[in-house]
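Sequence lines set the chain letters: A, B, ... in the order given, protein chains first and strands last, and positions in each chain run from 1. Computed from a predicted model, the values in this text were never measured in an experiment.
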Protein chains: 4
Amino acid sequence: MSDKRGRPRDQAVRAAILTATGELLTERGYERLSVEAIAGRAGVGKQTIYRWWRSKAAVVCEAVAAGQLPLPSAPPPDTGELGADLRSWMREQFEWLAAPGHTALVRALAAASSDDAGDTERLHELITGPSREHLIGRLRAGAAAGRVRADADLEAAADALLGAVLYRVLARAPIPPGHPEALVDVVVAGLRSG
Amino acid sequence: MSDKRGRPRDQAVRAAILTATGELLTERGYERLSVEAIAGRAGVGKQTIYRWWRSKAAVVCEAVAAGQLPLPSAPPPDTGELGADLRSWMREQFEWLAAPGHTALVRALAAASSDDAGDTERLHELITGPSREHLIGRLRAGAAAGRVRADADLEAAADALLGAVLYRVLARAPIPPGHPEALVDVVVAGLRSG
Amino acid sequence: MSDKRGRPRDQAVRAAILTATGELLTERGYERLSVEAIAGRAGVGKQTIYRWWRSKAAVVCEAVAAGQLPLPSAPPPDTGELGADLRSWMREQFEWLAAPGHTALVRALAAASSDDAGDTERLHELITGPSREHLIGRLRAGAAAGRVRADADLEAAADALLGAVLYRVLARAPIPPGHPEALVDVVVAGLRSG
Amino acid sequence: MSDKRGRPRDQAVRAAILTATGELLTERGYERLSVEAIAGRAGVGKQTIYRWWRSKAAVVCEAVAAGQLPLPSAPPPDTGELGADLRSWMREQFEWLAAPGHTALVRALAAASSDDAGDTERLHELITGPSREHLIGRLRAGAAAGRVRADADLEAAADALLGAVLYRVLARAPIPPGHPEALVDVVVAGLRSG
DNA sequence: TGCTAACCGAGACGGTACGTCCTGTCTTCCC
DNA sequence: GGGAAGACAGGACGTACCGTCTCGGTTAGCA
C-alpha cells in the first residue's frame, strides 16, 4: 500500500524538532521564532524541517498536537454543581494563563493562525477543541439534570466563556479578582432561565 | 516657546503612509506586510516612516486610529428593548465580519498584538474600545431600567459577547444561522436573573 | 585470492552513470553538473556513484576515459610533409572546437581540474595525452627525416601548439581565419632552424 | 545626467570586499570560495555584494582588475636582444607561477571563466591582456628591427607562448629546467625564418 | 537449497551555500 | 530641518546539493 522505499523517517529527529519548537515558542514567541533556530537547537538540517512541514505554522501546529506545549488541564469532574464546576474550571484557565510564558504562548498561537487557513483550523481544534468539548459535555450533563433549560444554545455559551478568556489574553488586559466567577455566573444564569 | 524651526511635518505624507498601510494590511495580512511595501506604495522614503513610528505595529496602530481601516459601525440606538438592541448589534458585528477582507483584518490586528505590549493595549483600545464602551453603556441603561439585575457584572458580559466574536474569527469557524441571537440570548438572560 | 563473494558490480549501471555524466557535462557545464542529476538521469541511487568514485571530478574523469565524451580525432597519418600534416591536424582541432558543446566541454574539464590534484593529472593525461603523444611522435619522425633540427625541444613545441588551442578556448576568443596554419608555421619554422 | 539621489556607494566597502575576495581566493581557491565568506571577512552584508555584482565570478573579476590579486610583472624592457628579452620574461612567468598560491590562483581564474561568457572575456582581458600586449609589442619591435620576418603572425606567436604557460599550469605538469628558454627558442626561431 | 556478502534503488539525514527579502540605521542631495 | 532615495550590516527565508547513512530488495558464490 504505502511506499516504503528509501530510508524511513527518523522518529527521534521528528521528536527533537517538535521539542525544540515548543521550547523556542515559549521562550521567544511566534514572531521571533525562526526555522533556523529550531534546526539549530534540534541539531538538525533545515531541509529536514522543510521536508516534512510546509511552514513554520505547520511545525508549531504539530508541536502542539504532540503535546510539546503546555496546555491548560482538562476540566474538573462533574460534582453535580454546574456553577461550582465551571467556576473552578474557569479559575484554572486563568491561573494557567497567569503563569509566565503561557499568555505569550496563546498570543503566539493566535499569530500563527493568521498565516494559513488550513493550519488555523487544525490548530484551534487542537488547542481549544478538547476544552470546548469537555465544556459542552458538562453543560449537556447540566441540561440533562434539569439545571439548564432545554432550548439553550450550549455552543454559544461555550463560545462566550472561551472567547472571554481569549479576549482578555489578546488585549493584555489584567484579570480583576472575581472575574472568572462573574463570567461563569452570567452564562450559567443565562442558561438556566430563558 | 516651542521650537518650531525646520520644516514642519508634512500631513499629506502622514496620510499617504496610513492609507497605504490600511490597504496593504487588508490585502496581504500583517505577516506579509512590510515597511518597505508601505513606503513604496505611499511614495515615501523608509526613513520617513521610522522617523515617526517605532515599529510596523505602531504604524498599523495609528492607521486604525486614523480610520484608515474599516471597523464595524457603532451600536444602534437604545430602543428600550435590550435584547432586541443587542441582537441587532451582534448581527451587525457578524455581518461586518462576513465581508471579504474584514476577517483577515481582525486576524492581522490580533497578530500585530503579539509583537509589543505597549502597542497591543493601544490597538485593542482603538479597535474594541468604542464597541465595548457602547455595549457596556447600553447594558448599564438596561440595569437602570430594571431589565438587568443590579449586581450583574457588566464587564464580564461585554467580554463574553466580544470574546465570542473574536473566538469565531480567529478559529475561522463558520457562523451558524441564529448564532448571534443565541449568544445575546444567553448573556441577556444571565444578566436578567442571577 | 581476493574475496569475490557478493553481488558483482553491475556494468550496465556503470555505463549508465558515465553516459549520463557525459550528457550533462556537455549540456550544463561542470559547475552546474550535480551528482544528484547524474543519479537521476542514470536511474541510479546516489550511493552507487559514491561507492565507486570519490568525487564528481573522478566520475567526469572516467567518463572521459570511457569515451563518453567526444574528443578530437587522432592526428592524421604521416604523409611526409610535416608542415602540411600539422596544419591539417591543427585545423581539425579548431573545427572540433567550433562544434556546439565542445568548447563548453573543454572549459568544463578545465574547471574540473581545479578541484583535485590527483584527478587533474589523470584528466589531462586522458584528454590531451593521446593528442600530445601523437603530436610529439610526428615531430620526432620529422626530426628523423631531417626536417627538424636535432637539438629542438619537441615537448616545448607540443606545449606551444596545444597551449595555443587551450588559450583561445578558455579566453573565448574567436579564431581568425588562417590562425591554425599560422600557429603551425611559426612552430615548424622554429623547429627547422635554430 | 546620472542619478545621484540616495546614499552614494561606499568606496571603503567596495575595497573591503575586493580585498577579502583576493585573500580568500588565494587561500582556498575558487571552488571553496563562498560569497558568505567574503561578506563575513569584509564585515559586510551579503546583499551589499549582490547589489553590485551579479555573481561570484564577477566579484573575482573586479578583484583582479583592482589589483587585489598578485599577477606576474610586466615584461622587461627592450634590450635589443629579442631572444634574451623573451627568455628572461618567460623565466619570470614561470618563477611567478612557482610561488605558492599562484598556480592555484590561475586555476581558480580558469574555473571562474567557465561560468559566464561575459565575465570570461573581461577576466582574460584583465589577466593575460597586458602581458599579451607587451609581448606583441616587443615582437613588433623585433620585426621593425629586422629580427623577425615581416609576414610572421605575431598573434599566433603570442598565443603559443602564453598558451604553453597556461597548459603547464592547468595540467599541473612540472616545469623541467630549461623549459622556458626552449619555448622561447622555438618560437623566436620560427619568427625569424619562415 | 539456503547462507552470506555485496550491490542497487530510494531517499532521509546533518550540513554548507545559495540568492532573495526585509529590518532598522545611515548618509547624501533636494526643497 | 523634512523628505525621497537608497546603501549599509544583519539575519531569516526557502532551495539546491553535498557526502553519509539506512532501508528493502536483488544477485552472486559458497556451503
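- Residues meeting the side chain to side chain donor-acceptor pair (under 3.5 Å) test with B:Q47, sequence neighbours left out: none.
- One finds the OH atom of C:Y30 at 13.5 Å from the CG atom of C:L24 (value rounded to the nearest 0.5 Å).
- When each of B:V60, B:L18, B:V44, B:T21 is paired with B:I38, the side-chain contact (heavy atoms from CB on, under 4.5 Å) condition holds for B:T21 and for no other.
- Rounded to the nearest 0.5 Å, atoms CG (C:L170) and CG (D:L170) are 6.0 Å apart.
- Counting heavy atoms from C-beta outward, A:W53 and A:V35 have side chains that stay 4.5 Å or more apart.
- Applying a 4.0 Å cut-off to non-hydrogen atoms, the residues of residues 35-47 of chain D that approach DNA chain E are D:V35, D:E36, D:K46, D:Q47, listed by residue number.
- Distance, D:D10 CG to F:dA9 P: 7 Å, rounded to whole Å.
- Taking atom CH2 of residue B:W52 and atom P of nucleotide F:dA4, one finds them 12 Å apart after rounding to whole Å.
- The shortest distance between the side-chain N/O atoms of D:T48 and the OP1/OP2 oxygens of F:dA7 is not below 4.0 Å.
- Within 4.0 Å (heavy atoms only), C:W53 reaches no atom of the nucleic acid at all.
- Closest contact between the side chain of A:Y50 and the listed nucleotides E:dG19, F:dT15, F:dC8 involves F:dT15.
- Taking the side chain of C:S34 as heavy atoms from C-beta on, and the options E:dC8, F:dG3, F:dC18, the nearest nucleotide is F:dC18.
- The side chain to side chain donor-acceptor pair (under 3.5 Å) check on B:R51 picks up nothing, with sequence neighbours excluded.
- Here the closest non-hydrogen pair linking C:A42 and C:A16 is CB-O, 3.7 Å.
- Near DNA chain E, defined here as any heavy-atom distance below 4.0 Å, there are no residues from residues 16-25 of chain D.
- Taking the ring centre of C:W52 as origin, the terminal cationic atom of C:R14 falls outside the region bounded by 6.0 Å and 45° from the ring axis.
- Distance, C:E31 CD to F:dC18 P: 12 Å, rounded to whole Å.
- The end-to-end axis angle of the helix from E:dT1-F:dA31 to E:dC31-F:dG1, rounded to 10 degrees and based on five pairs per end, is 10°.
- The line from NZ of B:K56 to CD1 of B:I49 is 12.0 Å long, rounded to the nearest 0.5 Å.
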Counting primed atoms, P, OP1 and OP2 as sugar-phosphate and everything else as base, the B/S/- map of nucleotides 24-31 of chain F against protein heavy atoms under 4.0 Å is -BBBS-S-
